[in-house]
Amino acid sequence: MRALTTLVLKHRIVVALTWLLVAVAGAVTAPTTVDRLSFDFALPGQAAYETNEQIIEQFGNGGLNDPLLLVVKGDGAAERAGAVADAARDAVPGTRTVAPGDDGADVLAVSGDEAVAVAYPPVVPGADPYLEAAPALEKIAQGASSDGVEVTLTGFSVLEEGGGGDRSILFEILLGGIGALVVLALVFGSLLAGLPLLVAAFSILGTFLALFGLTYVTDVSAVVEYLIALIGLGVAIDYSLLVVTRWREERAKGLDNDDAVRTAMATAGHSVLFSGVTVAVSLAALVLVPIPFLRSIGLGGLLIPLFSVAISLTLVPALLSAIGPRLNWPRRKPAVTRSRLWARITTGVLRHRWLTVVGSVAVLLALAAPALNLTLGTPQVSGVSSSTPASSALTSAVSAGLPDGVVRPTEVLVEDADAPAVLDRLQRVDGVAAATAPTSDGWTVDGQALLQVWTTADPSSDAGRATLDRVRDVADDTGARVGGTPAEDADFVTAVYGDVVWVVLGVAIVTFLLLARALRSLWLPIKALALNVLSLAAAYGVTVLIWQDGFGSELLFNQSASGVITIWVPIAAFAFLFGLSMDYEVFLLSRMREEYDRLMAPDAEEVIDARTATDRAVVEGIANTGRLVTSAALILFFAFIALSTVPTVEVKVLATALALGIAIDALIVRGLLAPALVGVLGRANWTMPRALRRLLFLPDEPH
């Protein structure tokens with residue numbers, strides 16, 4: 001690290017200009033990068049995905065695309081729904097429709113004055129598969145709304161985006177940036193507050209430039225755009241904040257500017273390096289998952305810590321060396337980095353260490369308890385409702401008796417000749433509200449027929465999933481193939497979590513080895529991993545409480561509970577939170593290790609025993625980093641709050657898990673439980689078996 005710092009300080013202008021060019025290139029190519037992002041959720045090799053692909057290829061619609069619904073309210077609703085379905089086929093060629101008059105579709109006439117027409121228009125690639133067809137269908141709805149009859153275009157895909165429309169990521173970046181600026185202004189009280197924000201801007205733009213290249217190698221999910229912008233904002237600020245804070249501390253001790261930079265890099269810079277590698281390792285968990293969508297999030301996410309570390313270890317020392325002291329304006333007095341408040345808190349924690357351990361673990365386990373009932377799936381129909389006309393119309397129809405399965409149907413692909421026999425068996429499946437083989441144009445292609453199966457219960461509910469299993473059993477017996485979003489959801493869960501234990505175990509082992517080498521300890525990494533498990537479980541538990549069980553979703557998000565947790569959220573939250581939480585652990589424990597080594601050095605001013613040295617190291621470590629960790633956590637928390645404003649429900653659920661994870665980790669785990677456990681372990685914290693030292697290429701401890 002000292003050699004790198006010397007090189008950077010010697011060529012600081014070249015370093016600054018290089019990163020400036022990278023940032024400019026990232027800004028110029030950003031619009032193209034965003035346009036190249038993918039909205040594909042491929043599950044290669046999974047039965048439902050392959051069936052859905054065949055349905056789209058043969059029929060031009062359906063499959064993974066839930067239908068649009070035209071809700072008709074007024075006198076003669078059932079007949080008018082049939083007329084609306086005819087108009088939809090005429091206005092948008094290639095559209096498949098089902099109306100109450102079709103055989104087996106009586107459930108679409110939900111009451112005397114309310115009925116539904118189901119429409120599958122041709123789909124187009126991109127975020128909105130019905131982008132081209134929806135305006136024509138909307139026009140039909142408006143034209144049919146007359147003489148006391150009201151027709152509304154709705155459907156799951158219409159409601160899923162929350163009515164937010166196509167909004168730029170700039171809004172979320174601005175929201176997160178304002179929160180970060182407030183925290184940084186309180187921390188520094190000078191122009192130094194702008195330095196971490198500048199670093200974050202360079203890091204985000206540089207990451208987007210790398211992402212631009214990655215899009216030519218593989219498909220990258222559009223979700224990555226939000227993760228890079230907002231998690232990149234938080235991580236880059238955190239890393240630069242650690243370096244700048246340590247530089248200020250060394251300047252306050254009387255070191256000249258460049259010597260303070262070198263010391264900051266040798267200490268804080270070392271922590272930043274290991275923290276960034278740890279985050280990257282945790283994100284590698286997503287790269288190992290055999291789902292292209294999640295793999296692209298892992299690859300894109302890997303770029304975030306790598307760029308943040310690279311800039312924090314090069315651009316930050318270059319800028320501090322060149323203009324650091326001038327950025328202290330208008331602060332006049334030397335900066336005080338040691339927090340007396342955190343010193344008092346930590347002293348109290350150590351005074352009652354066992355009580356703190358037991359109490360903190362009890363609280364975390366209580367918060368984690370709801371996670372035992374975690375259910376994975378696509379949000380239920382009630383979970384994407386809002387105050388829009390489309391939502392009100394669908395809610396009214398479902399309340400009047402429309403089966404939830406009509407909103408997210410199961411499609412069964414079968415040989416045309418076998419369709420009557422398969423249909424008869426499907427209609428008798430327990431939990432199926434109706435099954436139909438529509439006879440209008442578009443339902444039979446190349447000897448293959450599509451059957452519609454509508455479950456009584458929501459496909460994401462326990463009853464809906466049980467019904468799907470029974471439908472798939474019938475399909476297996478008859479040689480039919482099952483598609484639709486409910487079936488693909490079930491296969492998604494299997495594909496993502498079938499071997500997830502090995503992925504998590506691999507990440508844990510690599511993280512343990514990294515931390516063991518960084519901290520020169522056996523028990524500190526084990527403790528860190530155990531605390532991360534508790535922290536993650538608590539974050540999962542509260543997320544389940546809010547989004548699955550509905551405690552607070554209306555209050556916090558003005559949205560009904562989703563009834564489930566989006567399938568990919570737990571694994572994505574693990575990948576990000578595992579690494580980000582470990583950041584704070586490395587910050588704290590590195591400083592504690594530094595203090596312990598100083599107190600136990602042969603030339604130390606005072607001779608004390610290992611237990612006393614441990615307690616003092618804990619107090620000084622927290623006193624010197626507690627304010628930093630709190631500020632860093634606040635910045636990330638604000639970034640995730642900004643992420644939660646994205647209209648898509650599944651992104652809101654992810655943002656909730658990340659924000660809660662950071663808050664729980666910073667307040668309970670790192671603020672209370674971690675120092676208490678270090679105090680309990682005493683001298684054991686600082687020991688490492690000789691075999692492990694040799695494995696990690698560390699020298700033997702001096703006797």
Basic-acidic side-chain contact under 4.0 Å: Glu620, Arg593: no
Report the C-alpha separation of Trp568 and Val496 in whole Å, then their side-chain angles, then the decisive distance to 0.1 Å, and conclude whether the side-chain contact (heavy atoms from CB on, under 4.5 Å) test is met. CA-CA 8 Å; Trp568 56 269; Val496 173; 5.8 Å; no
Walk me through whether Leu628 and Trp342 qualify under side-chain contact (heavy atoms from CB on, under 4.5 Å). CA-CA 11 Å; Leu628 168 67; Trp342 277 108; over 6 Å; no
Charged N to carboxylate O below 4.0 Å: is that the case for Arg262 and Glu250? no
Return yes if some donor-acceptor pair links the side-chain N/O of Ser221 with the main-chain N/O of Ile297 below 3.5 Å, else return no. no
Distance (rounded to the nearest 0.5 Å) between Leu364 CG and Leu673 CG: 6.5 Å
Write down the atom of Ser321, the atom of Arg12, and the distance for their closest heavy-atom approach. OG-NH1, 2.6 Å
Verdict with supporting geometry, Leu660 and Ile546, side-chain contact (heavy atoms from CB on, under 4.5 Å): CA-CA 11 Å; Leu660 288 169; Ile546 293 172; 4.1 Å; yes
Reported CG-to-CG distance for the pair Leu241 and Leu197, which is rounded to 0.5 angstrom: 10.5 Å
Where Pro675 and Thr346 come nearest, the two heavy atoms and their spacing: CB-CG2, 4.2 Å
Can you tell me which residue among Ile662, Val279, Asp665, Val272 is in a side chain to side chain contact (heavy atoms under 4.5 Å, CB included) with Asp583? Val279
Tightest non-hydrogen contact, residues Ser240 and Ile237, listed as OG-O, 3.1 Å
All ring-ring contact (aromatic ring centres under 6.0 Å, His included) counterparts of Phe578, not counting sequence neighbours: Phe574
Show your reasoning for whether side-chain contact (heavy atoms from CB on, under 4.5 Å) applies to Leu658 and Ile231. CA-CA 10 Å; Leu658 295 177; Ile231 295 181; 4.1 Å; yes
Within-4.5 Å side-chain heavy-atom neighbours: Val261 and Leu255: no
Keeping the roles fixed (side chain from Gln548, backbone from Thr375), state whether a donor-acceptor pair exists under 3.5 Å. yes
To the nearest 0.5 Å, what is the distance between CG on Leu515 and CG on Leu524? 9.0 Å
Side chains of Pro689 and Leu522: does their closest heavy-atom pair fall under 4.5 Å? yes
Where the side chain of Ser282 meets the backbone of Ala575, is there a donor-acceptor pair that is under 3.5 Å apart? yes
Do Asp615 and Arg351 meet the salt-bridge criterion of a basic N to acidic O distance under 4.0 Å? no
Taking every non-hydrogen atom, the tightest pair across Val22 and Gly206: CG1-CA, 3.7 Å
Arg520/Asp597 ion pair, N-O < 4.0 Å: yes
Ignoring hydrogens and geometry beyond distance, is a side-chain donor-acceptor pair present between Ser203 and Ser308 at under 3.5 Å? yes
Smallest heavy-atom separation, Pro305 atom then Gly301 atom, equals CD-O, 2.9 Å
Which class fits the ring pair Phe587 and Tyr239: parallel under 30°, tilted 30 to 60°, perpendicular over 60°? perpendicular
Pair Trp686-Tyr596, ring pair (Phe, Tyr, Trp, His ring centres under 6.0 Å): steps then yes or no: CA-CA 9 Å; Trp686 323 110; Tyr596 180 84; 4.5 Å; yes
Mind jotting down which residue pairs meet the side-chain hydrogen bond (donor to acceptor under 3.5 Å, both in side chains) criterion with at least one end in residues 492-510? Sequence neighbours excluded, please. none
Nearest heavy-atom approach of Ile668 to Val363 is CD1-CG1, 4.0 Å
Is the closest side-chain heavy-atom distance between Glu606 and Leu599 below 4.5 Å? no
Backbone N/O of Val569 and side chain of Thr566: donor-acceptor pair under 3.5 Å: no
Any donor-acceptor pair under 3.5 Å linking the side chain of Thr18 with the backbone of Val14? yes
Leu636 CG to Leu230 CG distance, which is reported to the nearest 0.5 Å: 10.0 Å
Under the 3.5 angstrom rule, does the side chain of Asn624 hit a backbone N or O of Arg591 as a donor-acceptor pair? no
Are Leu211 and Leu214 packed together at the side-chain level, in the sense that at least one heavy-atom pair is separated by less than 4.5 angstrom? yes
Evaluate the side-chain proximity of Leu365 to Leu534: yes if any heavy-atom separation is below 4.5 Å, no if none is. yes
Main-chain N/O of Leu242 paired with Thr245 side-chain donor or acceptor, under 3.5 Å: no
Donor-acceptor under 3.5 Å (Arg693 side chain, Pro699 main chain): yes
Value for CE (Met592) from CZ (Arg616), rounded to nearest 0.5 Å, stands at 16.0 Å
Any side-chain donor paired with an acceptor under 3.5 Å for Trp523 and Thr687? no
Between Leu696 and Met688, is any pair of side-chain heavy atoms under 4.5 Å apart? yes
Should Lys253 and Glu249 be marked as a salt bridge (charged side-chain N to carboxylate O under 4.0 Å, His left out) after you check the CA-CA gap, both sets of side-chain angles, and the distance that decides it? CA-CA 7 Å; Lys253 291 178 181 178; Glu249 180 182 338; 3.6 Å; yes
Is a side-chain donor or acceptor of Arg670 paired with a backbone partner of Tyr584 at a separation under 3.5 angstrom? no
Hey, is the main chain of Ala539 close enough, under 3.5 Å, to the side chain of Thr543 for a donor-acceptor pair? yes
Distance in Å, Ile622 CD1 paired with Ile345 CD1, rounded so as to fall on 0.5 Å steps: 9.5 Å
Contact between Phe274 and Ser590 at the side-chain level, heavy atoms closer than 4.5 Å - yes or no? no
Taking side chain as C-beta onward, heavy atoms only, is Leu286 less than 4.5 Å from Arg295? no
